[in-house]
Amino acid sequence: MLDWIAEQIVLYWDIFKYLIPAVPWTALITITSFALALVLGMIVSVIRLWKVPVLSYLAGVYVNVIRGVPLLVHIFFIYFGLGKYLNFDRFTAGVLAVGICYSAYLAEIFRSGLEAISHGQYEAAMSLGMTRFQTLRHVVIPQSLRIVIPPSANEFIASLKDSSLVSIIGLRELTRAGREYYAQFFTDFQTWVLVGVLYLVMTLTLTRVVKYLERLYAVKGFGSRKT
Amino acid sequence: MIKVKNLTRKFGPVVAVDDVSFDVARGEVVVIVGPSGSGKSTLLRCLNALEEIDAGEILIDNFMIEKRHKDIHQIRLEVGMVFQQFNLFPHLKVIKNVMLAQRVVRKRSREEARAKGMNLLEQVGLTDKVDAYPAQLSGGQKQRVAIARALAMDPKIMLFDEVTSALDPEMIGEVLEAMKMLAAKGMTMMVVSHELGFAREVADRVLFMETGKIIESGPPSQLFDNPRQQRTRDFLSKVL
């Protein structure tokens with residue numbers, strides 16, 4: 001019995017050492033693609049908020065098309081489909097796929113946040129001589145942040161988990177590393193338990209960070225959250 | 001100071017402001033009264049281009065407000081506005097509410113904007129609320145912050161759109177006091193209000209509006225005590 005336990009500990013430690021170098025890659029893919037998603041999502045949502053002619057319609061089409069297609073298909077399409085002409089490396093293709101996919105979800109979250117700000121706020125800002133951009137920057141966005149942070153953070157955590165899908169094109173992140181180890185040593189149970197635990201540690205840590213951010217952006221007497 | 005010529009504003013088939021013309025002199029306080037839906041607020045909102053104009057023209061200090069004007073926010077700098085629903089920025093402390101537009105529009109330094117803000121908040125009696133958030137204030141306090149915020153831009157004209165209508169009765173006085181102080185300092189003011197007592201005391205001229213038209217206009221003593229038009233008389237008999 002003791003022998004078995006000792007053996008298991010050594011095995012888990014061995015797998016752990018193999019997996020750990022892949023964790024920064026999962027983090028890097030997630031952060032880079034989410035940064036891309038934030039920028040694209042912001043642009044798309046403001047275009048829709050301002051009802052920019054033509055562009056606003058295209059932005060709506062963008063959101064619906066992207067959201068209607070599975071992420072795995074995005075990855076295949078960008079890496080194999082577009083990759084045929086544009087020759088992306090794995091990292092670029094993976095980040096583009098996850099980033100574009102999540103930009104559509106974020107755009108909808110941002111739009112609901114921006115539209116939640118009352119018309120009176122725009123009128124007050126405009127009556128003080130502020131331009132449309134200044135109003136957005138100083139009045140509307142700071143207020144919608146509070147609304148938008150919790151659901152956006154959920155998307156961030158979801159994108160961390162979905163980054164595992166890019167393992168399919170051979171990008172060596174956590175899930176890929178797990179498959180490699182398993183392929184060499186056939187330790188299926190232990191490998192996938194440990195891969196799961198490592199994802200869990202990351203997502204739970206992020207959840208804590210989100211809670212902290214929510215508290216940071218809460219304002220006394222504003223919104224429903226008690227401070 | 002303000003010249004309005006044949007101003008018309010429609011909402012679909014409804015003519016909210018119907019071919020209205022009037023002038024306001026520098027330092028004059030004009031109170032607009034009338035039943036709800038008579039176009040008072042719409043008229044006021046046209047004066048700082050929050051409302052588009054369908055026909056006619058408005059000259060603010062020789063600056064013409066036209067349809068689709070490019071420098072519209074330049075005109076708004078000259079015309080401050082206070083709203084019925086306060087519209088303070090809830091994410092900013094009182095002092096920051098008063099500083100924001102000074103910083104981003106007037107490009108004043110932080111120190112300058114703060115000094116100006118403190119001075120104005122003192123004038124409206126809110127020095128102890130400088131670091132409070134709007135949600136922590138009473139309605140009357142909110143409205144006085146809104147007045148200070150508009151004044152911080154050094155407007156030449158101030159518009160007041162039913163600023164006491166959302167207030168509890170005991171708070172109306174403090175807001176009217178702040179407005180009286182402003183009138184005494186010679187500010188050009190246009191006030192949409194149901195406070196006829198205030199109009200009588202402070203207004204140089206009262207406009208009575210109904211169905212988008214100015215029915216009657218005159219000094220408060222004449223318009224309230226001796227209205228020429230039957231419609232004015234009908235309205236006054238209902239509200240007095």
Side-chain angles (χ1 to χ4, degrees), chain A residues 42 45-46 49-54 56 109-110 112-153 212-227, chain B residues 41 44-45 47-51 70-94 96-107 131-138 142 145-146 148-155 157-161 166:
Chain A
M42 183 74 104
S45 62
V46 170
L49 177 79
W50 282 354
K51 301 195 168 59
V52 184
V54 187
S56 169
I109 291 173
F110 292 166
S112 68
L114 293 171
E115 285 176 357
I117 306 306
S118 77
H119 195 58
Q121 291 289 308
Y122 290 90
E123 293 198 335
M126 289 191 306
S127 78
L128 291 165
M130 291 166 75
T131 61
R132 205 156 64 148
F133 183 76
Q134 288 167 338
T135 305
L136 191 68
R137 156 98 175 69
H138 296 284
V139 175
V140 178
I141 288 179
Q143 292 184 60
S144 32
L145 268 187
R146 263 168 279 279
I147 304 167
V148 154
I149 280 179
S152 304
Y212 172 76
L213 278 180
E214 282 177 32
R215 219 166 298 147
L216 195 71
Y217 278 97
V219 166
K220 267 183 247 172
F222 177 70
S224 56
R225 189 166 294 105
K226 291 197 177 74
T227 47
Chain B
S41 288
L44 208 62
R45 293 158 53 81
L47 295 179
N48 73 345
L50 282 181
E51 216 55 80
K70 274 212 178 97
D71 298 319
I72 212 80
H73 54 275
Q74 287 298 326
I75 300 163
R76 294 195 182 117
L77 284 180
E78 312 298 329
V79 187
M81 184 155 190
V82 185
F83 302 87
Q84 180 177 355
Q85 294 300 336
F86 323 121
N87 296 340
L88 294 180
F89 304 131
H91 61 301
L92 298 176
K93 289 177 175 177
V94 164
K96 296 275 182 189
N97 260 277
V98 183
M99 286 167 67
L100 178 64
Q102 295 191 66
R103 299 269 293 136
V104 304
V105 181
R106 289 282 193 205
K107 309 285 182 209
D131 287 317
Y133 283 97
Q136 298 168 309
L137 303 180
S138 72
K142 282 182 195 170
V145 174
R149 178 176 71 175
L151 288 176
M153 304 304 286
D154 297 320
I157 298 162
M158 283 284 283
L159 308 175
F160 294 85
D161 189 6

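The shown structure was predicted, so the numbers you read here are calculated from the model rather than taken from an experiment. For the numbers below, each heavy atom of this structure counts, side chains included, while hydrogens, waters and symmetry mates do not. Every chain is numbered from 1, with letters handed out A, B, ... down the list of sequences.
- Within the 4.5 Å cutoff, the side chain of B:F86 has no heavy atoms near those of the B:L137 side chain.
- Within the 4.5 angstrom heavy-atom criterion, only backbone atoms of B:L88 (N, CA, C, O) approach chain A.
- Proximity to chain A (any heavy atom under 4.5 Å) is shown, for B:F89, by both the backbone and the side chain.
- For B:M153, the part lying near chain A is the side chain, with the backbone staying farther off; criterion is any non-hydrogen pair under 4.5 Å.
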Per-pair distances, 0.1 Å, donor-acceptor, side chain in residues 123-134 of chain A, under 3.5 Å, sequence neighbours excluded:
{"residue": "A:E123", "atom": "OE1", "partner": "B:R45", "partner atom": "NH1", "Å": "2.9"}
{"residue": "A:E123", "atom": "OE2", "partner": "B:R45", "partner atom": "NH1", "Å": "3.0"}
{"residue": "A:E123", "atom": "OE2", "partner": "B:R45", "partner atom": "NH2", "Å": "2.6"}
{"residue": "A:S127", "atom": "OG", "partner": "A:E123", "partner atom": "O", "Å": "3.4"}
{"residue": "A:S127", "atom": "OG", "partner": "A:A124", "partner atom": "O", "Å": "2.9"}
{"residue": "A:T131", "atom": "OG1", "partner": "A:Q134", "partner atom": "N", "Å": "3.2"}
{"residue": "A:T131", "atom": "OG1", "partner": "A:Q134", "partner atom": "OE1", "Å": "3.4"}
{"residue": "A:Q134", "atom": "OE1", "partner": "A:T131", "partner atom": "N", "Å": "2.9"}
{"residue": "A:Q134", "atom": "NE2", "partner": "B:V104", "partner atom": "O", "Å": "3.1"}

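- Residues of residues 113-121 of chain A that come within less than 4.5 angstrom of chain B, heavy atom to heavy atom, are A:G120, A:Q121 in numerical order.
- Comparing B:L100, B:N48, B:L77, B:V82 by how many heavy-atom pairs each has under 4.5 Å with chain A, the most go to B:L100.
- Among residues two or more places apart in sequence or in another chain, the side-chain contact (heavy atoms from CB on, under 4.5 Å) test is passed with B:A148 by B:V98, B:L120, B:L121, B:V124.
- Sequence neighbours left out, the pairs with a member in residues 72-86 of chain B that pass salt bridge (Lys or Arg N to Asp or Glu O under 4.0 Å) are B:E78-B:K156.
- Between A:H138 and B:R103, every side-chain heavy-atom pair lies at or beyond the 4.5 Å cut-off.
- With values rounded to the nearest 0.5 angstrom, A:S144 atom OG is found 9.0 Å from A:F110 atom CZ.
- Nearest heavy-atom pair across A:I147 and A:P150 is O-CD, 3.7 Å.
- Scanning all heavy atoms of the two residues, the minimum distance from B:D154 to B:R106 falls at O-NH2, 4.0 Å.
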